[in-house]
Amino acid sequence: MTTYVGGYDFTTDLNSITLGASVEEKDNTTFGTNGFRSRIGGLRDVNADLSGFWQSDESDAVDPEAFGNLGVVNRPVTVTPTGAEGETAYMFQGGKFTYEMFGQIGEVTPFTVNMMGTSKDGLVRGALAKAKGSVTPTGAIGSVVELGAADDDQFVYAVLHVFSAGTTITVQVQSDDSETFSGATTVGTIGPITTTGGTWMTRIAGPVTDTYWRLNVSAITGTFVVAGAIAIQ
């Protein structure tokens, strides 16, 4: 299970992750319901529990990441089953509100982090368009993903995780009616970005009739290590 939080890759630290989406149950039973209760959905929520093995002997490690960002809100989170391009990706903005570490003597030191959604955008489901990897030249990166069109009551979402930063990078979210992208349209832009971390693109309102989507680097100086996902919801 691949898990990115901001500019940190938790994947090789974890041995368990649970991503939960919930809707409050609201009772609206009235007289005349033949003895059965009726219910409607209330407020929605998202949370993630991350568990694994603790280490802190370097800057790029669990402890400085988890402790240093405790209570920081709206950090982009992307979770995918394998981290492969085209794989289903779940994305939300969250904060770490519980961090637990250490255990019994003689055992490998464990840790757990609890994250909760902190943004009105909530949890969105899309696809990983760019697997974690290096980027140096401009141009399309990752793979084309077929997400369908965005209706007039839907939005286009995108997130970019930067794990290692060069000088500057700007990434476009593009759409087309063909997988060949012979007539690409830029729907949204992320950046310019100059540091490591995660960026949640301001969502773009539909309608967008194109059904194919990709990420495209329009400007870059230096080498960046990035991953990115796109969703329609």
Side-chain angles (χ1 to χ4, degrees), residues 1-14 50 55-69 72-80 82-87 89-96 115 119 121 124 126-145 156-176 181 184-204 212-231:
M1 187 67 72
T2 301
T3 305
Y4 304 139
V5 179
Y8 188 81
D9 183 357
F10 270 99
T11 305
T12 58
D13 300 314
L14 302 179
L50 286 60
Q55 15 74 33
S56 67
D57 57 353
E58 55 188 80
S59 59
D60 185 24
V62 166
D63 189 59
E65 162 64 24
F67 185 82
N69 290 292
V72 178
V73 301
N74 289 355
R75 302 196 73 213
V77 180
T78 301
V79 179
T80 74
T82 67
E85 291 172 1
E87 184 74 72
Y90 295 92
M91 307 135 63
F92 71 98
Q93 296 179 83
K96 301 185 186 78
M115 299 196 70
S119 165
D121 285 347
V124 296
L128 193 69
K130 172 67 177 79
K132 182 181 178 182
S134 297
V135 176
T136 302
T138 57
I141 58 174
S143 298
V144 174
V145 291
V156 180
Y157 298 85
V159 61
L160 185 73
H161 299 273
V162 176
F163 306 101
S164 176
T167 303
T168 183
I169 186 172
T170 300
V171 177
Q172 299 168 328
V173 177
Q174 295 184 330
S175 68
D176 202 340
F181 270 78
T185 298
T186 298
V187 177
T189 301
I190 302 173
I193 297 171
T194 59
T195 61
T196 59
T199 301
W200 186 277
M201 183 186 75
T202 301
R203 64 182 190 176
I204 306 299
Y212 292 94
W213 301 83
R214 73 179 183 186
L215 297 174
N216 181 75
V217 175
S218 60
I220 188 171
T221 303
T223 298
F224 283 73
V225 177
V226 305
I230 308 171

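Residues satisfying the side-chain hydrogen bond (donor to acceptor under 3.5 Å, both in side chains) criterion with T3, sequence neighbours excluded, are absent altogether.
Contact detail for Y4 and A227: the closest heavy-atom pair is CE1-CB, 3.6 Å. When all heavy atoms of M201 and I204 are compared, the pair lying nearest together is CE-CG1, 3.8 Å. What you find for Q55 and D13 is that their closest heavy atoms are NE2-OD1, 2.7 Å. Nearest heavy atoms, V5 versus R75: CG1-NH1, 3.7 Å. Annotation for A184 and R214: closest pair CB-NH2, 3.8 Å, computed over non-hydrogen atoms. The two residues Y8 and V62 have their closest heavy-atom pair at OH-N, 3.3 Å.
The OG1 atom of T80 sits 6.0 Å away from the CD atom of E87 when rounded to the nearest 0.5 Å. Distance CZ/F224 to OG1/T196: 10.0 Å, rounded to 0.5 Å. Separation of atoms CH2 (W200) and CG (D121) is listed at 6.0 Å; rounding is to 0.5 Å.
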Report, one line per pair, each donor and acceptor closer than 3.5 Å where one atom sits in a side chain of residues 126-139; sequence neighbours left out.
| unit_1 | atom_1 | unit_2 | atom_2 | d |
| --- | --- | --- | --- | --- |
| K132 | NZ | D9 | OD2 | 3.0 |
| T136 | OG1 | T223 | OG1 | 3.0 |

Taking distance alone, no hydrogens or angles, what donor-acceptor pairs closer than 3.5 Å link side-chain atoms of residues 160-173 to residues at least two apart or in another chain?
| unit_1 | atom_1 | unit_2 | atom_2 | d |
| --- | --- | --- | --- | --- |
| H161 | ND1 | G6 | O | 2.6 |
| H161 | NE2 | T78 | OG1 | 2.7 |
| Q172 | OE1 | Q174 | NE2 | 3.1 |
| Q172 | OE1 | N216 | ND2 | 3.0 |

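Side-chain contact between E85 and V145 is absent, with no heavy atoms from C-beta onward closer than 4.5 Å. Considering only heavy atoms from C-beta on, V77 comes within 4.5 Å of M115 through its side chain.
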